[in-house]
Amino acid sequence: MRMPALVAYVCSTAFATAVAAPDALVRYPDYPAAIERDDAYAVCVRQGDETRRLVVWNHCEKSILAGRTRGGDVNRRFCEFAFAGSPVTVDIAVREDVKCYKVFPARKGLKHAFRNGVISVTLTEPTYFGVQLNDYDKTIISVFADAPEKAEDVPALGAADVLRVDGWLDAKGADGVLDVPKDVREVYLAPGSVLNARLKITHPHVRLHGRGMILDPMSDIFRYDQIQNPSRGFVVVKATDVTVEGVKLVDSRTFNFIAWNYGAQPVTFRNVKILSSMMCSDGFTVGGKNLLVDNAWVYVGDNGLVVSGIRDATFRNVAIGTSCKAIFPQCSNLRVRMENVDVFRADEGLVANEYNGVLRRRNKWDEMGTGLQKREPDPQDLEHQTEDFLFDGLSAVDATYIAYVFRCKNMGDRPKTFAFRNLSVPHVSGRDNWRLAGQTNGVSVAVLNDPAKWLNTSNCRVSVTNLYLAGRRAEAFPPFAVE
C-alpha cells in the first residue's frame, strides 16, 4: 500500500534527524619532532564556532634525478584532520603572489574562494583534496579530511592479537624490516604515531589501520644500511584477506605498497595516502588476484599504479600525482577495472603499457644498489602479454602538463584491450619531457614498434567512449594525435 505523501515526508525527516551525526572536529596530535614541517602555508579548519590550526608536514627527500623534473622533485606537503556533522571550511593562507590556483580533483566540485591571500575550501563530507598555485607542481599541498575514528575501531592498550603503535616505534635489526608476527591479527597506528619500519604481512586475516604514519627507515642513512635490505617494498602484503585502512606511507625509497594475493578472499586498501618523491617509489605494485583499492591519494616519484600480472582487480576513487607515469600495466592482466581516477600530475604520460620483463637498455639497473648488472636478451625473445582493462571516468584535467594519454610497445601479439569510458584529458605534447610542456599538438595514442629495441607489438585495441579533449566534447582524437 502506498504511504500518504505527508506521512512519508514526516517519517523520512524524523529518521534523517535521528541518524544525523553530531558536529565533531578533530585535530590529530603532532608527529614527533623528527618529522619535518613546512611554512609555505598556514592552515586552519573551521566548523561553526570551532577553529583548529593544522600543522603542514613535508617530510621527503629531494629526488636525485634533477634533470627529470624541473630541478629535481621535492615537496610532499600535507595536513590532516577529521570531522563529522556540519560542513567545515579549510583556510589555506599563502605566502607568495598568486596569479592562479586550482583545487583538485575537479571532479569533486568543491566550493572554494580566494580572498586576501587565503584560499578557503568548503567540505560537506570527509574527502581528500589538493591545492596548487601558479601551475607549478612544487607548490602542491594535500589535505586529508577523514571521518573520526569509531571507538570500537581503536584497540585497547595491551589487547590480545594486536600490535599497537603509539609515539615512535623503530624496527629492530639492521634491515629496518618489521615482519608482522603470526599471532598478530591487527596492527593499529594511533594518530600522531610513527612506525619507522618497512612492514611485511605474510599471513591471512590481518587488518592494518589507524591515522598514524609509516616512515621508510631507509630515509635515515645513518641508522639503517640499505645494503642490509636489498628486497623491494615498503609495505608488503603477501597473504589473503588483508585490509589496510587510513594509514599514510611517507618518504619511501622503494615501491610503496606491494600486494600479491593468490587466495579466494580479497586484499583491500581503503582511505590510504602515499607521499614520496624519490625514483623507485611506485605507489601500488600489485599481482595475483582479488584486489580492491578504494579511495587512495597517491603522490609519488615513480609510476602511480603498477599493475603487474593480476586478475579481478578494481581501483576506485584514486587521485594520482607523479613525476613519472600515472598507470603502468606490465605482464598479463585480466579484468582490471579503474573507476573515477583523477590524475593531477603525470610528467611522463597517463597510461604506459611498455615494460616487459627487463628495462630496454643494455644493462639492467638495480634501483636498490645491490644487484649485478645483467645483459638483456634479444627483444624478440620476450614473452607476449595479454591485457584487459576498463577505465571508467579517467580524468587528467587537473594536470598542468600531460605528455600522452596512452602508449603501448614491447608487449607482443596477444590481444590487448583498453576500453576508456568518460575520458577527460587536456591537449598533450606527445613527448615525455617537461621541457616541451608548451607544445600541445603531439601524439596522444600510440602503438610503437622498433624490432631492434622492443618486442614486436600488435593486436592492441583501444576504444574511447565519451571523450572530452581540453574541456570540449570530441568524437575522437584528431588524426595527427594517433600513431
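Hydrogens, waters and symmetry mates play no part in the numbers below; they use all other heavy atoms, side chains included. Residues take their numbers from the sequence shown, with the count starting at 1.
The ring pair (Phe, Tyr, Trp, His ring centres under 6.0 Å) analysis of residues 167-192, with sequence neighbours excluded, yields the pairs Y188-H209.
With sequence neighbours left out, P29 forms a side-chain contact (heavy atoms from CB on, under 4.5 Å) with P191. Residues that satisfy the side chain to side chain donor-acceptor pair (under 3.5 Å) test with K273, not counting sequence neighbours, are Y128, D146. R107 is linked by a side-chain contact (heavy atoms from CB on, under 4.5 Å) to N340, D342, S395, counting only residues two or more places apart in sequence or in another chain. Considering only residues two or more places apart in sequence or on other chains, A399 meets the side-chain contact (heavy atoms from CB on, under 4.5 Å) condition with I402. By the side-chain contact (heavy atoms from CB on, under 4.5 Å) test, A474 is found to be paired with L467, L469, residues two or more places apart in sequence or in another chain being considered.
In this structure, K108 places its NZ atom where more than 12 heavy-atom neighbours from other residues, nucleotides or ligands lie under 6.0 Å away.
Shown are V250, V247, L195; of these, the side-chain contact (heavy atoms from CB on, under 4.5 Å) with M213 is made only by V250. T322 pairs in a side-chain contact (heavy atoms from CB on, under 4.5 Å) with only one of the listed residues (D347, V298, V300), which is V300.
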Do R211 and D153 pass the salt bridge (charged side-chain N to carboxylate O under 4.0 Å, His left out) test, and can you show the C-alpha distance, the side-chain angles, and the key distance before you say yes or no?
CA-CA 11 Å; R211 302 294 164 80; D153 280 342; over 6 Å; no

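N295 and N317 form no side-chain donor-acceptor contact under 3.5 Å, judged by distance and modelled atom types alone. Between the side chains of D413 and S458, a donor-acceptor pair is found at a separation under 3.5 Å. A side-chain N or O of S332 and one of Q385 form a donor-acceptor pair less than 3.5 Å apart.
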